[in-house]
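Protein chains get the first letters and strands the later ones, always in sequence-line order, with residue 1 at the start of each. Heavy-atom basis, side chains included; hydrogens, waters and symmetry copies ignored.
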There are 2 protein chains.
Amino acid sequence: MGETTNLAELRFSHDRCVDCPIRNRAVCSYSSPRQLAELDAAKFYRDYEPGQEIIGEGEPCDAVGSVVEGVVALHRTMEDGRRQTVGLLFPSDFVGRPLRTVAPYDAIALTPVRMCLFHRKRFEEILQHNPSLERRLLEMTLDELDAARDWMVLLGRKTAIEKLASFLLILAHRTATLDNQPFDDGIAITLPLTREAIAEYLGLTIETVSRQFGVLKRNGVISLPDPRITVIEDLRALFYLAGEDPDQEFEPRPFRPAANA
Amino acid sequence: MGETTNLAELRFSHDRCVDCPIRNRAVCSYSSPRQLAELDAAKFYRDYEPGQEIIGEGEPCDAVGSVVEGVVALHRTMEDGRRQTVGLLFPSDFVGRPLRTVAPYDAIALTPVRMCLFHRKRFEEILQHNPSLERRLLEMTLDELDAARDWMVLLGRKTAIEKLASFLLILAHRTATLDNQPFDDGIAITLPLTREAIAEYLGLTIETVSRQFGVLKRNGVISLPDPRITVIEDLRALFYLAGEDPDQEFEPRPFRPAANA
DNA sequence: CGATATTTTGACCCGGCTCAACCCAAGTGG
DNA sequence: CCACTTGGGTTGAGCCGGGTCAAAATATCG
């Protein structure tokens with residue numbers, strides 16, 4: 001696990017909040033320059049390697065903050081070890097449970113991750129006299145709630161192939177908007193997750209995930225130049241398989257660029 | 001559907017916010033008397049019969065508010081009709097999506113329901129200059145998010161019997177605390193849902209729900225004096241079956257599955 | 001009472017899980 | 001340079017939990 005090259009690259013790539021890459025999407029996006037100064041003084045960065053725990057389920061949660069770089073998974077684990085990923089967090093998403101001392105789930109870095117953190121108590125203090133911060137946090141939490149409920153439909157009602165198709169669709173949409181390319185055939189998704197992580201997110205087993213990748217590939221819906229790279233060959237087919245309607249505009253809630261309204 | 005007796009009983013049972021039965025748990029619970037007066041002036045009550053739609057999925061959502069009496073289900077429906085209940089709301093819970101014009105799911109009354117409503121625009125105005133209201137809404141939304149994520153574990157990882165046991169456990173706990181009785185054997189739950197509504201909540205079919213009720217009954221974990229009334233006979237067994245931690249370890253007993261063959 | 005809705009039960013089937021082997025790329029050490 | 005390990009991924013055989021379809025039993029209500 002001596003994978004530090006990636007981390008080194010992004011370490012200290014910026015320092016002050018005004019230069020922050022997630023400045024206008026994160027929880028601080030409504031904050032005025034003056035308010036930002038307060039956050040600037042209280043924040044600290046921390047980097048994590050893949051597999052490293054950021055917050056532990058059931059442990060006292062003393063830090064909250066935003067993902068600056070990388071992908072974070074939230075999971076809940078049952079006593080017998082069955083695990084379900086209950087959230088995937090990307091840059092600008094908020095991690096941690098303000099207004100509660102114990103974390104209800106754990107947060108694990110899936111890729112090299114940089115977090116912008118606050119001590120929870122300190123963050124709550126700032127929250128008290130920063131309506132714009134609180135407003136933004138409310139907005140983001142409402143969006144997360146919508147996303148969680150969408151995911152409940154997937155977990156409770158969709159078949160394996162529909163689950164995988166829905167998942168790829170979301171990642172494809174995310175990749176397209178981030179890279180500012182059309183949401184169309186040919187998108188190449190670099191999966192930030194192993195088959196195991198995908199299975200935990202979709203409520204399936206690794207074997208089933210792998211088999212469904214096979215089905216999609218065999219039908220020319222995707223191609224897999226590498227197990228971690230998926231190319232969308234037929235977006236409409238993917239929509240169809242996901243049980244979504246390709247003709248109505250697609251707004252996947254999990255990764256909606258949050259600063260809209 | 002002429003079930004109006006119940007509604008009549010609670011109609012105009014109170015009028016002013018200070019007399020409200022959910023006064024100290026709902027979104028308004030942090031509001032001062034002065035702030036409450038503003039809410040008091042803006043609110044209006046509305047009653048719904050079982051099966052009636054309170055908010056429609058995809059429709060413009062022009063009202064938000066709190067459940068005063070009854071039980072409300074939120075669902076999302078797929079194009080082919082598969083439906084998943086994504087939330088069950090009880091008195092004091094908040095319904096509707098502030099800060100968004102279109103409802104992401106629909107809300108249906110399962111029992112006779114009385115709502116305390118606000119026009120969404122008006123509510124958002126009040127929210128602007130009422131930090132205590134916004135704070136409470138944030139708190140409640142965070143709690144809802146935690147609950148939704150818990151439910152994702154149930155939907156993604158639990159077996160049918162675990163799902164039903166978990167569900168009954170939640171209702172039992174709710175009933176016990178509301179009636180102020182010990183959370184122990186003997187609790188009688190009056191199910192506010194049909195088998196179909198339960199199935200939609202648990203991500204199962206009605207037949208499977210019914211069969212699992214049978215399994216629990218046959219093993220003496222519950223008794224069913226009436227299909228809509230469940231008496232918990234063995235709470236520890238229910239904990240065990242739910243795959244939850246009853247805090248103490250439970251001795252696994254031989255468990256007899258459905259006695260076919 | 002009949003009539004309709006809800007619940008239960010039965011028989012059968014299939015999608016996804018389990019268990020097990022195998023593949024393949026990237027280390028690692030001799 | 002090759003043998004060995006290790007971790008992720010794929011594939012196959014078989015089974016079983018829960019879905020489907022059908023019918024009977026029971027509640028609810030006019």
Using a 4.0 Å heavy-atom cut-off across all strands, classify S210(B) as base, sugar-phosphate, or nothing.
base

Whole-Å distance, R157(B) CZ to dG16(C) C1', equals 12 Å

Pick base, sugar-phosphate or nothing for I206(B), based on heavy-atom distances below 4.0 Å to the nucleic acid. nothing

Contact under 4.0 Å: R228(B) side-chain N or O vs dA27(D) OP1/OP2
no

Rounded to whole Å, the CD-P distance (Q212(A) to dG16(C)) equals 6 Å

By nearest-heavy-atom nucleotide on DNA chain D, the more 5' of L224(A) and A160(B) is L224(A)

When rounded to whole Å, the CZ to P distance for the pair R218(A) and dT11(D) reads 7 Å

Is any side-chain heavy atom of M152(B) closer than 4.5 Å to one of W151(A)? yes

To the nearest angstrom, the CG-C1' distance between L193(B) and dT6(C) comes to 14 Å

Open item on the list: When you measure from the centre of the six-membered ring of Y48(B), is the NZ or CZ of R114(B) closer than 6.0 Å and no more than 45° off the axis?
Closed with: no

For dC17(C), does either OP1 or OP2 sit under 4.0 Å from a side-chain N or O belonging to T208(A)? yes

Here the distance between atom P of dT7(C) and atom CD1 of I229(B), to the nearest Å, is 13 Å

Assert: residue with more 5' nearest nucleotide on DNA chain C, out of E207(A) and I161(A), is I161(A)

message: Assess, by modelled atom type and distance only, whether the side chains of T159(A) and E162(A) contain a donor and an acceptor separated by less than 3.5 Å.
response: yes

The residue, P227(B) or T194(A), whose nearest nucleotide of DNA chain D is more 5′ is T194(A)

ask   = Are any of T205(B)'s side-chain N or O atoms less than 4.0 Å away from OP1 or OP2 of dG19(D)?
value = yes

Answer yes or no: does a side-chain N or O of R211(A) lie under 4.0 Å from OP1 or OP2 of dG12(D)? no

Taken to the nearest whole Å, CG/L202(A) to P/dG15(C) is 18 Å

Between V209(B) and G203(A), the residue closer to the 5' end of DNA chain C by nearest nucleotide is V209(B)

Taken to the nearest whole Å, CZ/R195(B) to C1'/dT6(C) is 9 Å

| message | Around atom CZ of R46(B), are there more than 12 heavy atoms from other residues, nucleotides or ligands closer than 6.0 Å? | response | no

Here the distance between atom C1' of dG15(C) and atom NZ of K158(A), to the nearest Å, is 17 Å

Can you confirm whether the side chains of S166(A) and K158(A) place a donor and an acceptor under 3.5 Å from each other?
yes

